[in-house]
Amino acid sequence: MIESSAAAAGSDAAQVTVREDRTAQLSASLSALVQRIDAACAAAGREPGSVRLLPVTKFFPASDIEILYNLGRREFGESREQEAGDKVAQLSQLSQIRWEFIGRLQRNKAKAVARWADTVYSVDSDRLATALEAGTRAALDDGSRDTPLRVLLQVSLDADPTRGGVRDQALRALADQVAGAESLQLAGLMAIPPLDVEPDAAFEQLARIHTALLREHPQASVLSAGMSGDLEAAVRHGSTCVRVGTALMGARPITSA
Ligand SMILES: *Cc1c(COP(=O)(O)O)cnc(C)c1O
């Protein structure tokens, strides 16, 4: 009896230590990352603070998100619907937390994501946009959300249809569709550069596509480009939002998603 409660107290203390260690780790990597982004802005002749950091927390537990929340972060990027939905439920007591869905999204998951996501970054087909519009309308009607869903269109920079993203005429048609949908708000563009292309060349191409889009949709001001390995190049080419996982959280247990 005494032994087992002592053991329980010991394991509580061990858990507190683990949490303190993780807090120190995340606090240090967050400071370093914010400095890195500021340095990238300075090197590009841009205002510090003109690039937003979206921490990407996929594969990491809700407890890590709570630590980052306590360090002042309010927005989190997730890319797997089931995992994200679980974390949203676990952390629903954290006020003003905002969830941004950055991964590939299947149409049959659109309805679920429309209930909790502030923004979806990866819209690349008219059918997905239509599903998100319907899902968001339902969520607005039943009170599970009270704002339109912000949408970024995912741009393909290599015309490989298996990697997702749209370009050219399909991109323009999709922008018109989203801008005209009452429950959606066209917020901008997102892209992931192809592995075999220089990030600078890819982000330069993306910036040109964004400039063209802004002529027809001036409200689509977000340009989400840049991750752990290439954020400096993205900032050089006008990114307004970098999505960073590894450089903040550490290596993911699985790297395929
Ligand atoms: C995982 C992921 C990121 C973060 O990538 P890191 O290289 O770990 O910084 C950014 N964007 C998307 C769409 C992702 O899925």
Side-chain angles (χ1 to χ4, degrees), residues 33-34 36-38 40-41 44 46-58 68 73-81 84 98-105 113 117-125 128-129 132 147-158 163-167 171-172 174-175 178-179 184-195 197 199-214 216-249 257:
L33 180 58
V34 168
R36 188 177 156 198
I37 295 169
D38 283 352
C41 287
R46 299 180 56 190
E47 289 289 313
S50 61
V51 177
R52 185 171 74 101
L53 164 64
L54 179 67
V56 173
T57 46
K58 66 185 182 209
L68 289 168
R73 309 309 306 191
R74 292 293 177 269
E75 294 146 16
F76 300 94
E78 288 283 339
S79 66
R80 303 189 308 157
E81 182 273 324
R98 278 190 10 208
W99 300 97
E100 313 204 356
F101 192 84
I102 64 174
R104 298 294 296 278
L105 181 58
V113 168
D118 176 84
T119 309
V120 173
Y121 281 57
S122 47
V123 176
D124 64 355
S125 76
L128 178 56
L132 283 170
T147 55
L149 180 71
R150 287 158 42 87
V151 165
L152 305 192
L153 306 182
Q154 184 173 349
V155 177
S156 164
L157 296 173
D158 62 358
R163 296 183 67 251
V166 275
R167 51 193 285 149
L171 175 65
R172 287 159 68 181
L174 191 54
V178 170
L184 306 180
Q185 184 187 329
L186 179 65
L189 299 179
M190 183 276 258
I192 304 169
L195 289 173
V197 173
D200 270 293
F203 292 136
E204 191 186 340
Q205 185 192 355
L206 178 64
R208 279 199 302 271
I209 294 169
H210 190 223
T211 303
L213 177 78
L214 282 171
E216 289 176 22
H217 299 283
Q219 77 280 22
S221 57
V222 176
L223 184 59
S224 180
M227 313 190 285
S228 293
D230 58 12
L231 71 85
E232 283 80 6
V235 169
R236 271 196 293 282
H237 295 287
S239 173
T240 67
C241 169
V242 293
R243 310 173 307 273
V244 181
T246 311
L248 176 62
M249 311 301 295

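FYI, side chains are in, hydrogens and waters are out, and symmetry mates aren't considered; it's all heavy atoms of this structure.
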Note, I192 side chain near M227 side chain (heavy atom, < 4.5 Å): yes
field: Least distance between heavy atoms, I209 atom then L171 atom
entry: CG2-CD2, 3.4 Å
- prompt: Which heavy-atom pair separates C241 from V222 by the least distance, and what is that distance?
  reply: CB-CG1, 4.5 Å
- request: Could you go through the side-chain contact (heavy atoms from CB on, under 4.5 Å) check for L153 and L186 one step at a time?
  value: CA-CA 8 Å; L153 306 182; L186 179 65; 3.9 Å; yes
Non-hydrogen side-chain atoms of L68 and M249 separated by less than 4.5 Å: yes
- line: P194 and L157 have their tightest heavy-atom pair at CD-CB, 3.9 Å
message: For the backbone of R172 and the side chain of H217, can you confirm whether one donor and one acceptor N or O come within less than 3.5 Å of each other?
response: no
field: Flag, side chain of S79 to backbone of I102, donor-acceptor distance under 3.5 Å
entry: no
Least distance between heavy atoms, L174 atom then A129 atom: CD1-CB, 4.0 Å
message: When you measure from the side chain of S228 to the backbone of A247, do you find a donor-acceptor pair of N or O atoms at a distance under 3.5 Å?
response: yes
Nearest heavy-atom neighbours spanning V197 and A201: CG1-CB, 4.3 Å
- prompt: With side chains defined as the heavy atoms from C-beta onward, is the minimum distance between H210 and L206 less than 4.5 Å?
  reply: no
message: For a side-chain contact (heavy atoms from CB on, under 4.5 Å) check, start with the C-alpha distance between V120 and L128, then their side-chain angles and the critical distance, and finish with the verdict.
response: CA-CA 11 Å; V120 173; L128 178 56; 5.7 Å; no
task: Measure the spacing between OG of S239 and CG of L189 and express it to the nearest 0.5 Å.
output: 11.5 Å
task: Report the distance from atom CZ of F101 to atom CZ of R80, rounding to the nearest 0.5 Å.
output: 10.0 Å
query: Just wondering, do S122 and R104 contact through their side chains at under 4.5 Å, heavy atoms?
result: no
query: Going from CD on Q205 to CG on D200, what distance comes out if it is rounded to the nearest 0.5 angstrom?
result: 13.0 Å
I'd like a table of donor-acceptor pairs (distance under 3.5 Å, sequence neighbours excluded) in which one partner is a side-chain atom from residues 48-55, with atom names and distances.
residue	atom	partner	partner atom	Å
S50	OG	E47	O	2.7
R52	NH1	E75	OE1	2.3
R52	NH1	E100	OE2	3.3
R52	NH2	E100	OE1	2.9
R52	NH2	Y121	OH	2.9

Minimum-distance pair of heavy atoms, taken over all atoms of L231 and V242: CB-CG1, 3.9 Å
- prompt: If only atom types and distance count, is the side chain of S224 paired as donor or acceptor with the main-chain N or O of M190 below 3.5 Å?
  reply: no
- prompt: With E216, which residues qualify under salt bridge (Lys or Arg N to Asp or Glu O under 4.0 Å), at least two apart?
  reply: none
message: Contact between D118 and R150 at the side-chain level, heavy atoms closer than 4.5 Å - yes or no?
response: yes
task: Go through the steps to decide whether R36 and E232 satisfy the test side-chain contact (heavy atoms from CB on, under 4.5 Å), and finish with yes or no.
output: CA-CA 8 Å; R36 188 177 156 198; E232 283 80 6; 2.7 Å; yes
- request: Would you mind checking if R236 and E204 are paired as a salt bridge, meaning a charged N to carboxylate O distance below 4.0 Å?
  value: no
